[in-house]
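The chains referred to below are lettered A, B, ... by the order of the sequence lines, with proteins before strands, and numbering in each begins at 1.
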Amino acid sequence: MCQEQEQTETLHQDGLGLSRRSFLRNSGAAVSGMAAAVAALSPLMELDGDDIPTIDAFIQKHYKEMDESDMQQALARISAKVEERFGIEPNLRDIKPKEGVEFVYALNLSRCIGCRKCVYACVDENNQSRSPQVQYIRVLEMPTGTLDIEAGNHNYDTPTVPDGDHFYMPIQCHQCADPPCTKVCPVEATWTEPDGITVIDYDWCIGCRYCEAACPYFARRFNFNEPEILPEDLNPDMAYLSNRPREKGVVEKCHFCLHRTREGGQPACLEVCPVGARKFGNVLDPKSEVSEILRTKRVFVLKEDVGTLPRFFYYFDERYPRGDDAEAEQVEQVKQG
Amino acid sequence: MRLLITLIFLVLTAWFALGSGSGSPPKGVRAQIAPEDIDRTSAREVMGDPPVSVMGGVEMSCDACHGIFESGKEESESRQQHLEIKLEHGLNSRCFNCHSRGNRNKLILPGENEILFADVEQLCASCHGTTYRDWAVGIHGKARGSWEIGSPERRLMVCTECHDPHHPAFRPIKPLPPPETLRMRATERKLQHAGPGKRNPLRQNEHASENSPSDH
């Protein structure tokens, strides 16, 4: 300001040293600053009642510290929410692991045809978001002759499967014995249960995605958006740690269908597989097929060098790669005489 | 100076208040999956006892005809009935390897022992012994109901629930849709038919069809 203006300023100041002009100027700046700040916070206007946690949800204890009545309260709260959202009363319970059971999965790569039925049966069983799509299982189309995952293609859409040049490798959470994901969780929302399954408490997860970054197998999925599940998609048979509906901002992953398997059932992916490539069971039982597979087949795990000790084993057991069936050629020759 | 600050703040206000709001990630599309594609109870229809066949639109038991008529020569190609069956069972091209010549209501094991259709796994085991051994443990095929050995819910699926005995090899099927990954859809479409990746050592052998998949 030039000298004249300064003099005019001083002339018009009141007892507090504040002139009308300076008041208007300062308050103009301050008010517009506050308006900008409020406008910047305008996303808060889009919050609705659902986003704000209830008192019960807010003071809920960690799963490992909850006693029976705390759990019943939590289950009641979640059931009420499911009923309100979908209009269907769920069978929601908390299923504890069985004694003397450690689950192991084995997958026969000679049998898998890459049909992806396991992917969508899992989505159907576990109340995953349909849009954006959340799929726990990712099937890789691998060229025969290599196990280099970088060579895999998960976007294959050939008219029929299998084709002779590829084998197919479905990948889901391996429920590792030494998992990196549980070590990096800052709030212990994910941990390994006594039967080997790595579980997530969706109410405790803060959505930082450290676990998603730590997993070497891309097993974990994050809900970037509110999951879209229609009432006709809902599976009402739910457990607290497995397939109850999740919200936006939490991580989820394969949990070996623990709401089925802890009660003796088979996982959905195994039940739907049309070629019987998947095998599941209790590795602590020497008579189970997974024990037999680990004893007799040449099993391997993915990324063995990172030391995660997966509980998911792959193996081949046919003599020839599919597109190169010497026996079929021999049969043809014999038939032609 | 303060006028400038005021103007800047007013512009920011307009930007935040009138702008696109909190942007959310793209929603993507639902995959279109028919329920029968993921039906977990699906299985082939297994022939029961007594076996029946649909002849001219009528369901008849096998001995209705075969109890009366003699069968012709043994080659399957000289059949005059049951022409919809094309026997493609590898080297097994003889109907009477499995079907009892004297009693078409039964299957036959090597050594001329007749068995019911319900015991078909005994017949399959007579040639595919190693597969049967794996199946009995649960390694081959599928066990529905329970993983727990000894549980009454556990049921091993019988051979013919998956395999058509006249054409046991599975036919290729159409795969279900690929994942919607949102972020990289455009670039991934380009890579869809890339085959071995850039860093794959097999890439060297791409044009050398003589070489077998190597010892990498």
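Atoms CG and SG, on L107(A) and C269(A) in that order, are 8.5 Å from each other to the nearest 0.5 Å. The distance from the CD atom of E141(A) to the CG atom of N155(A) is 10.0 Å, given to the nearest 0.5 Å. Between atom CG of residue N153(A) and atom CG of residue L140(A) there is a gap of 8.0 Å, rounded to the nearest 0.5 Å.
Of the two parts of D285(A), only the side chain, counted from C-beta on, holds a non-hydrogen atom closer than 4.5 Å to a non-hydrogen atom of chain B. With a 4.5 angstrom heavy-atom cutoff, V139(A) does not touch chain B via any of its atoms. At a 4.5 Å heavy-atom cutoff, the contact between I173(B) and chain A is made by backbone and side-chain atoms alike. For a residue to count as touching a neighbouring chain, one of its non-hydrogen atoms must lie under 4.5 Å from one of that chain's; by this rule A143(B) touches chain A with backbone and side chain alike. Using a 4.5 Å cut-off between heavy atoms, L270(A) contacts chain B through both its backbone and its side chain. Looking at H163(B), neither its backbone nor its side chain comes within 4.5 Å of chain A, counting heavy atoms on both sides. With a 4.5 Å cut-off on non-hydrogen atoms, E263(A) does not touch chain B at all.
The closest side-chain donor-acceptor pair between H167(B) and D164(B), if any, does not fall under 3.5 angstrom. When only modelled atom types and interatomic distance are considered, R278(A) and Y105(A) share a side-chain donor-acceptor pair under 3.5 Å. The closest side-chain donor-acceptor pair between T146(A) and D148(A), if any, does not fall under 3.5 angstrom.
Contact tally against chain B (heavy-atom pairs below 4.5 Å) for P159(A), S129(A), P267(A): the top residue is P159(A). Across I33(B), T6(B), L7(B), the residue that shares the most heavy-atom pairs under 4.5 angstrom with chain A is T6(B). When G281(A), G276(A), A40(A) are compared by the number of non-hydrogen pairs under 4.5 Å with chain B, A40(A) comes out ahead. Across R144(B), R40(B), R171(B), the residue that shares the most heavy-atom pairs under 4.5 angstrom with chain A is R40(B). Of the listed residues (V31(A), T261(A), V290(A)), the one with the most heavy-atom contacts under 4.5 Å to chain B is T261(A). Chosen from A169(B), C162(B), G145(B), the residue pairing most often with chain A at heavy-atom distances under 4.5 Å is G145(B). Highest contact tally toward chain B, considering only P274(A), A268(A), A277(A), is held by A268(A) [criterion: heavy-atom pairs under 4.5 Å].
Look at D195(A) and K98(A) and you find no salt bridge, because none of the NZ, NE, NH1 or NH2 atoms lies under 4.0 Å from a carboxylate O.
For the pair R298(A) and Y315(A), the cation does not sit on the ring face, since its NZ or CZ is not both under 6.0 Å from the ring centre and inside 45° of the axis. The cationic atom of R221(A) (NZ for Lys, CZ for Arg) lies less than 6.0 Å from the six-membered ring centre of F218(A) and within 45° of the ring axis.
Using a distance-only test at 3.5 Å, with no hydrogens or angles considered, a donor-acceptor pair links the side chain of S288(A) to the main chain of N282(A).
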Which pairs of donor and acceptor atoms, one on a side chain in residues 114-124 of chain A, lie under 3.5 Å apart (sequence neighbours left out)?
from	atom 1	to	atom 2	distance (Å)
R116(A)	NH1	Y156(A)	O	3.1
R116(A)	NH1	L176(B)	O	2.8
R116(A)	NH2	H154(A)	O	3.1
R116(A)	NH2	Y156(A)	O	2.9
K117(A)	NZ	D37(B)	O	3.1
Y120(A)	OH	Q135(A)	NE2	3.3
Y120(A)	OH	P177(B)	O	2.7

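Not counting sequence neighbours, V11(B) has no partner by the side chain to side chain contact (heavy atoms under 4.5 Å, CB included) test.
Proximity to chain A at a heavy-atom threshold of 4.5 Å picks out D134(B) from residues 121-134 of chain B, in numerical order. At a heavy-atom cut-off of under 4.5 Å, chain A is reached by I149(B), R154(B) from residues 149-158 of chain B, listed in order of number.
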